[in-house]
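Since the structure comes first, as structure tokens, the remarks are kept for the end.
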Amino acid sequence: MTQPDNRPFAIRTYAPDQLREALKRMYLIRRFEEGAEDSYMRGLIHGTMHLSIGQEASAMASCMELTDDDKITSTHRGHGHCIAKGAEVGRMFAEFFGKETGYCHGRGGSMHIADVKTGNLGANGIVGGGLPIAVGAALSAKRLGKSDVTICFFGDGANNEGAFHEALNMASVWKLPVVFICENNGYGMSTSIARSTSVKHIADRAVAYSMPGVTVDGNDFSAVAEAVHHAVARARAGEGPSLVENLTYRWRGHSKSDRNRYRTKEEIEEWMTRDPIARFRAELIAHGVLDEASADAIEAAAIADMEAGIEFAKASPAPSISDVTRYVYAEN
Amino acid sequence: MTQPDNRPFAIRTYAPDQLREALKRMYLIRRFEEGAEDSYMRGLIHGTMHLSIGQEASAMASCMELTDDDKITSTHRGHGHCIAKGAEVGRMFAEFFGKETGYCHGRGGSMHIADVKTGNLGANGIVGGGLPIAVGAALSAKRLGKSDVTICFFGDGANNEGAFHEALNMASVWKLPVVFICENNGYGMSTSIARSTSVKHIADRAVAYSMPGVTVDGNDFSAVAEAVHHAVARARAGEGPSLVENLTYRWRGHSKSDRNRYRTKEEIEEWMTRDPIARFRAELIAHGVLDEASADAIEAAAIADMEAGIEFAKASPAPSISDVTRYVYAEN
Amino acid sequence: MNAMTDKPSSQPQNLRTLSYSEAIREAMAIAMEADPTVILMGEDIGVYGGAFQVTLDLVDRFGTDRVMDTPISELGGAGVAVGAALTGLKPIFEFQFSDFAMLAMEQIVNQAAKLRYMLGGEASVPVVFRLPAGSGTGAAAQHSQSIEAWFGHVPGLKVLQPATPEDAKGMLLAALADPDPVMIFEHKLLYKMKGHVPEGSYLTPVGKALVRREGTDVTIVAGSIMLHRALEAAEQLTKDGINAEVIDLRCIRPIDHETILASVRKTGKLMVVYEGVKAFGVGAEISAMVAESDAFDFLDAPILRLGAADAPVPYNPDLERASVPQVDSIEAAARRLTRREV
Amino acid sequence: MNAMTDKPSSQPQNLRTLSYSEAIREAMAIAMEADPTVILMGEDIGVYGGAFQVTLDLVDRFGTDRVMDTPISELGGAGVAVGAALTGLKPIFEFQFSDFAMLAMEQIVNQAAKLRYMLGGEASVPVVFRLPAGSGTGAAAQHSQSIEAWFGHVPGLKVLQPATPEDAKGMLLAALADPDPVMIFEHKLLYKMKGHVPEGSYLTPVGKALVRREGTDVTIVAGSIMLHRALEAAEQLTKDGINAEVIDLRCIRPIDHETILASVRKTGKLMVVYEGVKAFGVGAEISAMVAESDAFDFLDAPILRLGAADAPVPYNPDLERASVPQVDSIEAAARRLTRREV
Ligand SMILES: Cc1ncc(C[n+]2csc(CCOP(=O)(O)OP(=O)(O)O)c2C)c(N)n1
Ligand SMILES: Cc1ncc(C[n+]2csc(CCOP(=O)(O)OP(=O)(O)O)c2C)c(N)n1
Ligand SMILES: [Mg+2]
Ligand SMILES: [Mg+2]
């Protein structure tokens, strides 16, 4: 008789290379957000941005089993998803800097960042906007006879949009291969779940769509990976959609205009002790996937990528003003 | 020790006069619908109409405890609600005939029939359109310190609109005095619940809004009255909203354009054996509230009212064409 | 249907006539036969055949996987169509009434229309929205609107309004061949009108208006059902020796400037007839387009707009009729304009 | 803020200045003090103070019962406001960005705008929608739109766009005094602009445009932020001896025909500047209104429209700036028009 494998799900499921790559991408998300913030402070980026620092495990662990043919739809807080799904930070920075080399050729910026080639159908400036779109992508996969799944990221705030209801209902009725991942960071802008939402956990709403719903610690890489693994498997097997709720927290304000009058310093600090990257790193080390030195090297590599990305972006050309109406319609 | 009262809820709760009036109004609904249908066939009414024959218990039993200060919002299938809430059939026919004496002065017709004075905020041409409006009416009651409740009628089809989700969530979060009554007649136009809705019973969705949800036989007057009684009491007591689902059936097609290709003759006939009016009448007779002769008299009175209503409508003046833009804005 | 409307067909003489709704249905069937990625979505478009019976029997031919009854969820349904279009399908999404598109403005305008641009050309949303529009059915304020002008204001969309069965078919096929989102406003009162429809596949050019009746005294631009009313009015006007040129607008976005300007340069007088509310309607754009062009100098009278009364569509049939342009009001207005009594 | 904008105030000389957002906030506070049925609804309007901090601190003064943070549910939220307005409250509903009103078109257009009419005058919907609009903040295509023209097309609504702090306050108070639904489009870039604001309660008349600068050579109609750009351009134009009359449109529905027509009769030249997409925008309606009026005969040049490029609002700041009218483009256009080089 073999011993039961008591190691965390991720450790026993993914190859060490995959795990190291996941850690790298989580560092990359963190450093990318910091680089973006810094660039914003220095006036290199205009507009606003929504940073996902603190939510890296949710983004990365949700994408572990996706190929470039699988799709995601993302949100206004979408940098992490984009990196987790495989985008290059150079082209992402270029987009933030409004450059022609950016993923959207400088037309989209932070809120519309997408990388269709790696299956990222895009961030969305409209809360809830991606929900029906994800269902549509799943419909395509089903009708075209592909085994692709779509992962739909959305926030706790988004779950009160009518689009949430309509999307989950249709996905369920048509048994589509889509996984709804609610990144519940406790607030939609300044409004807490308790003040906006008539259930304690978003996953409690899954019964209204006859789909499995599960709430996990969103800062625990392995917990997220395991929940999403089952949901993705279910989707690929043609058994329909699932709802996974990742409980997490954003360390920064909602956006650059946030004066943080709705949550306490204590609450923020408490959550910072639950840093998903530090936890994952420690877990990998504890299970012998890494040692401290190689973990440091991974972190350093992420920093180097980030810095190279910023340089690439800075050096890139801006779009020509005469092209302001380019890309409105297909060119023929 | 007193004997437990085993009579049906309505019998033991309402005075005989109230019960007789309820039967009268149910007959009035039935005859009104038939009169409308007949007028339509004879070309007296244009447009379309959605008849509620077969659903009379749901409308009437839901309104038993409402005063003119309480509000309802209604649907495209709203004639029954309008009569149950206290409207006069003469002014209703006048509206269908497009006359100046109609409830909407001939501007609204069947789909917008309303009687604000008796608390009917109106039928609605938009499926789901009344749901948030009802929540708003309940908000007014709460803010203005009144004990009024609002009853929001909607169909099984409407429950897949985003408006349903948003409205129920807000009503729950704000603990508003509103009762959501789903008249589940099995179909939204041609689309059955099974093909459109990811739960078996609409009331199953109540948990997603942390409110009580109950499914009752919508053709059983007493069952509906009892469920709504508790929901109204809860609302008046400031304990928040409830969802009541009345299982019922429309005997006629969805509207005048329905060719009935989505349900069988057998199904329709089977439901016709569960006539809510005949059942209620029999129940009243069984419990000595009425005898056959007085029941017949009530029915005859309803027919007389209906006929007088049609005559009133026919004799009424049409709006003047020069008034086509009247009522767009308040007159000052 | 006025015989004149068949004139512009360059197809070989063919007596086959179909109704407007049959023509649309034929276009859908042709497209679905030819391209397995074309699907239909909408409320009650399956066994019911759609509220206006346009998709009748298609579910029997193509099955429920390709003729999908959606729940009553316009925002979500349109969004599913957008997402499907983004990833390899070509959905034709039917709104049961164009009024209900108001529930889906977000997906139409914020998503479908903008995705290609926001993604810097890296995405394509080949979705077609079909929208039964207009008044005249006694369905009152929430089921009778003509809101097409709104979409003229939205870069990224194309907006069509066929007036004839031939165009109804050709425009739908053209919309499906288009890589960008297209909205087609169909008029409910036209569904039963019959006219010549060529067999097989053909594309009505997007963005081209058409002179349906040549004339010299006044240019009347009208689309959809108003074309037929304008043509009828034009016939009446000949009794007074007024020879109106009638242009079928066909496409609201983009608008065919050239055809309209050429006509105005010839007639010196312009009148625009449309069913939407007069203010901020299709007529405003056309009038403004002419008034800022070099054709301005050819105008010898004010530009007249004939649109709906400034009111929701009323239920009472006489009020309803009075609220939108009719043959007699078009005729009277053209008479006033040619006599410069405006 | 251009000093000229204060000129039209007939209030006694008073040096008090407020920002546009402070003026709006003051109007809300005055109304809430005076009338307990006035409530505020919107996303994050409580402790957060609203995305643009317009409602800052009002929740401390009036409590969460009257300053209600709504869930992120624009359709439902707007509908609750409509229902509340129908039954005795006077809600001021803030959309966080005007773009999100697309989610609530159903409640705004099918319900709020039409209820009085559909119910034959038996109902009143005194709701006020506040909508931060416009580009210039780097927020890209879904957060920068100017969709006010759509609502100009909707009978039953009133549509305002204040350009100054004084009007921002007076229009909000006027909207609250109005028994019908009113939409107020506020420009994000104006929130911080300062200007004279009278104390106490006063109502800016709804439906009245205002000549902000008198001139003889060309009429420039502009509203909201475009007024300020137009005034600045007008100053520049004086260097070439061009004396522009600048009209603050103020109200998109109803449009003040008289003020505009009187000016056009005087100058003979008209230019309309607006931030929405050029096609089917505010300029189309104004141009068409003039072209069909008796002022047509006073026009000695085409009517020029200056609106946004035919594209979604781009993210890149230079593209963004290039996509809407700026002082220099207004100036250049006015020059072309007065020289008849159009
Ligand atoms: C339809 C819509 N409403 C409102 C907003 C403004 N807004 C942007 S993000 C946000 C909060 C979203 O909360 P949540 O879904 O929990 O995501 P989080 O920001 O917490 O990641 C709001 C209100 C928007 N962008 N779109
Ligand atoms: C927003 C909207 N979508 C679609 C319709 C067309 N329509 C009118 S009634 C109806 C079916 C409604 O079903 P349900 O809510 O179950 O009510 P029932 O007709 O069964 O009483 C539909 C699809 C509409 N009026 N409004
Ligand atoms: Mg959140
Ligand atoms: Mg039903």
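All chains are named by letter (A, B, ...) in the order of the sequence lines, taking the proteins before the strands, and each is independently numbered beginning at 1. Bear in mind the structure is a predicted one, so any value in this text is a computation, not a measurement.
- D/S73 and B/M170 make their closest contact through CB-CE, 4.2 Å (heavy atoms, listed as atom of the first residue, atom of the second, distance).
- In this structure, D/E122 contributes its side chain and B/Y103 its backbone to no donor-acceptor pair below 3.5 Å.
- B/Y329 places a side-chain N or O within donor-acceptor distance of the main-chain N or O of D/G156, the cut-off being under 3.5 Å.
- Of the listed residues (D/L119, D/L75, D/L86, D/T70), the one with the most heavy-atom contacts under 4.5 Å to chain B is D/L119.
- Applying the side-chain contact (heavy atoms from CB on, under 4.5 Å) rule to B/D148 yields the partners B/D69, B/D70, B/K71, B/A141, B/K146; only residues at least two apart in sequence or on another chain are considered.
- For chain D, the option among B/K142, B/E95, B/R143, B/H105 with the highest count of heavy-atom pairs below 4.5 Å is B/R143.
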Residue pair D/V80, B/E166: steps toward the side-chain contact (heavy atoms from CB on, under 4.5 Å) verdict = CA-CA 10 Å; D/V80 170; B/E166 299 185 4; over 6 Å; no

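- Using a 4.5 Å cut-off on side-chain heavy atoms (C-beta onward), B/C104 and D/M118 make no contact.
- Considering only heavy atoms from C-beta on, D/V82 stays 4.5 Å or farther from B/P132 through its side chain.
- Contact of B/V178 with chain D is not made at all, since no heavy-atom distance falls under 4.5 Å.
- For a heavy-atom cut-off of 4.5 Å, chain B lies close to D/T37, D/I39, D/M41 in residues 33-44 of chain D.
- Shown here for B/N169 and D/P71, the closest heavy-atom pair between the two residues is ND2-CG, 3.8 Å.
- The main-chain N or O of D/A84 is found under 3.5 Å from a side-chain atom of B/S140 such that the two form a donor-acceptor pair.
- Not a single donor-acceptor pair under 3.5 Å links the side chain of D/N110 to the backbone N or O of B/I126.
- Taking chain D as the reference chain and counting heavy-atom pairs below 4.5 Å, the highest number among B/V116, B/L144, B/V328 is found for B/V328.
- Neither the backbone nor the side chain of B/A167 comes within contact range of chain D; no heavy atoms are under 4.5 Å apart.
- For D/D65, the parts lying under 4.5 angstrom from a heavy atom of chain B are both the backbone and the side chain.
- Most heavy-atom pairs under 4.5 Å with chain D, from the set B/R107, B/H165, B/M111: that is B/R107.
- Neither the backbone nor the side chain of B/D115 comes within contact range of chain D; no heavy atom of the residue lies under 4.5 Å from a heavy atom of that chain.
- Residue contact with chain B, scored on non-hydrogen atoms closer than 4.5 Å, involves the side chain of D/P179 exclusively.
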